[in-house]
Amino acid sequence: AQRVTQPEKLLSVFKGAPVELKCNYSYSGSPELFWYVQYSRQRLQLLLRHISRESIKGFTADLNKGETSFHLKKPFAQEEDSAMYYCALLTMDSSYKLIFGSGTRLLVRP
Amino acid sequence: EAGVVQSPRYKIIEKKQPVAFWCNPISGHNTLYWYLQNLGQGPELLIRYENEEAVDDSQLPKDRFSAERLKGVDSTLKIQPAELGDSAVYLCASSLGSGYNEQFFGPGTRLTVL
């Protein structure tokens with residue numbers, strides 16, 4: 001079954017602390033994974049994608065096929081990072097379906 | 001560039017009433033998606049269009065939901081009749097083709113069924 005699991009509904013950290021948002025997936029094929037973010041009163045937008053191997057706003061994510069994980073990390077959280085974060089899996093069959101996790105709310109306290 | 005436009009932003013109806021949502025994708029985006037987002041959940045795909053063709057509607061409850069994308073630009077999603085469980089946010093997204101291409105999301109329509 002194709003599934004994305006984000007075990008934490010809420011993650012609260014202090015400004016300057018490291019952040020790790022967990023994402024685990026279940027997929028029989030070769031996964032393509034994404035992180036989407038939704039800031040308060042804004043629309044859902046792409047943060048980063050595995051295939052690009054990029055760092056966006058200080059965030060990085062490494063695909064670990066052995067642990068079937070794609071955790072999102074940032075060494076020093078900022079207050080403006082407070083948002084809802086969704087991990088998503090793109091199925092690489094003909095359906096090209098984006099399957100989202102249930103999301104983690106990150107709250108960065110001053 | 002306004003991005004993906006959706007209307008209305010909010011809709012409150014009584015159960016058994018019909019409701020329709022409209023989406024205007026980013027200019028030039030041939031792929032359009034409708035998602036359903038229940039409270040506390042991530043978006044779930046309802047239907048995907050490539051131009052005017054619905055290429056994946058396997059998750060669309062066809063007994064009460066219908067969608068169209070005439071002329072391969074704007075799209076309408078309809079529910080008739082609405083049920084209490086349909087209360088959710090309905091998101092529209094578009095992209096330059098499917099697959100790896102980034103999906104750009106609209107602001108969503110929040111539907112409340114009383």
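Throughout, a chain's letter reflects where its sequence line sits, starting with A, and its residues are numbered from 1. Quick caveat: nothing in here was measured; it's all calculated off a predicted structure.
Using modelled atom types, one finds a donor on one side chain and an acceptor on the other under 3.5 Å when comparing A:Arg109 with A:Ser12.
Looking at B:Glu44, there are no atoms closer than 4.5 Å to chain A (heavy atoms on both sides), in backbone or side chain. Heavy atoms closer than 4.5 Å to chain B are found in the side chain of A:Glu32, but not in its backbone. Residue A:Arg49 touches chain B through its side chain alone, counting heavy-atom pairs closer than 4.5 Å. Contacts between A:Leu98 and chain B at a heavy-atom distance below 4.5 Å involve backbone atoms as well as side-chain atoms. Of the atoms belonging to A:Leu44, heavy atoms from both backbone and side chain fall under 4.5 Å from chain B.
Looking at B:Arg64 and B:Asp86, a side-chain N of the basic residue comes within less than 4.0 Å of a carboxylate O on the acidic one, giving a salt bridge. A salt bridge links A:Lys73 with A:Glu20: the distance from a Lys NZ or Arg NE/NH1/NH2 to an Asp or Glu carboxylate oxygen falls below 4.0 Å.
Ranking B:Ser58, B:Gly108, B:Gly40, B:Gly42 against chain A, the residue ahead of the rest is B:Gly42, based on heavy-atom pairs under 4.5 Å.
Ring pair B:Tyr35/B:Phe105 is tilted by interplanar angle, where 30° to 60° counts as tilted. A perpendicular orientation is assigned to the rings of A:Tyr39 and A:Tyr85, their planes being inclined by more than 60° (bins at 30° and 60°).
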